[in-house]
Student: 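Following this message is one structure expressed as structure tokens.
In this text the structure is predicted, and so the values were computed from the model without any measurement. All residue numbers in this chain count up from 1 along the given sequence.
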Amino acid sequence: MAYFHHISFFMIIVPLFFNLFSDICIAENGQKTVGNWLEIASPDDPVVIEIGEFAVDEHNKDTNSTLKFERVVKGDMQIVGGMNWRLTIEVEDVKVVKNCEVLVYEQPWQNVTKLIDFKIV
């Protein structure tokens, strides 16, 4: 008898879980969110700006540079085992403004933020 209760339980719970998970992973426009790159809503978002500033600070530490963060031009984010941020930012280098493409990985719940790539374009 208990065997049938377990089967009934899984026949109800598994489809509900799948439905919930698929709703979380699908954006409003029907685009899959987990693993896909999604355009950031606003380059002026304080969280996005913080990521851009972090990228410049880390690059300066790693290369002994003195670049100054100016602004985020555009960007994308990707939900993985954390968040990947792919941003185009402006930096000032000895009074010359340059564009850079940066990739930052973040896991806020683990207090992890890493600069993966920094290219002046």
Student: Between Phe69 and Asp57, does the side chain to side chain contact (heavy atoms under 4.5 Å, CB included) criterion hold? Intermediate values first, please.
Tutor: CA-CA 8 Å; Phe69 175 81; Asp57 291 343; over 6 Å; no
Student: In terms of hydrophobic clustering (I, L, V, M, F, W, Y; side-chain heavy atoms under 4.5 Å; direct or indirect links), are Ile120 and Ile89 co-clustered?
Tutor: yes
Student: Nearest 0.5 Å, please: how far is CD in Gln107 from CE in Met83?
Tutor: 11.0 Å
Student: Using 0.5 Å steps for rounding, measure from the CE atom of Met77 to the CD1 atom of Ile51.
Tutor: 11.5 Å
Student: Of all the heavy-atom pairs spanning Phe118 and His59, show the shortest one and how long it is.
Tutor: CD2-ND1, 3.4 Å
Student: Gly81 and Tyr105: which non-hydrogen atoms are nearest, and at how many Å?
Tutor: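 Heavy-atom minimum between the residues: O-OH, 2.7 Å.
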Student: Once you round to the nearest 0.5 Å, how far does OG1 of Thr66 lie from CG of Asp93?
Tutor: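 Between atom OG1 of Thr66 and atom CG of Asp93 there are 6.0 Å.
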Student: If the condition is salt bridge (charged side-chain N to carboxylate O under 4.0 Å, His left out), which residues does Glu53 pass it with, not counting sequence neighbours?
Tutor: none
Student: Hey, could you give me each pair passing salt bridge (charged side-chain N to carboxylate O under 4.0 Å, His left out) that has a residue in residues 64-84? Not counting sequence neighbours.
Tutor: Lys68-Glu70, Arg71-Glu90, Asp76-Arg86
Student: Provide the closest heavy-atom pair for Val91 versus Cys100 in the form atom of the first, atom of the second, distance.
Tutor: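 That would be CG2-SG, 3.6 Å.
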Student: Could you measure the distance from the CD atom of Glu50 to the OG1 atom of Thr113? Nearest 0.5 Å is fine.
Tutor: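 It is 8.0 Å, given to the nearest 0.5 Å.
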Student: Which heavy atom of Pro43 sits nearest to which heavy atom of Val73, and what is that distance?
Tutor: CG-O, 3.7 Å
Student: Tell me whether the count of non-hydrogen atoms from other residues, nucleotides or ligands lying under 6.0 Å of CG in Asn111 goes above 12.
Tutor: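 12 or below, so no.
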Student: Work out which heavy atom in Leu67 is nearest to a heavy atom in Asn60; give both atom names and the distance.
Tutor: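 Looking at all heavy atoms of both residues, the shortest contact is O-ND2, 2.8 Å.
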Student: Specify the closest pair of heavy atoms between Leu87 and Ile40, including all atoms of both residues, with the distance to one decimal.
Tutor: CD2-CD1, 4.4 Å
Student: What's the spacing between Asn84 CG and Ile79 CD1 if we round to 0.5 Å?
Tutor: 10.5 Å
Student: Kindly indicate, with the supporting measurements, whether the criterion side chain to side chain contact (heavy atoms under 4.5 Å, CB included) is fulfilled by Val47 and Trp85.
Tutor: CA-CA 11 Å; Val47 172; Trp85 297 91; 4.2 Å; yes
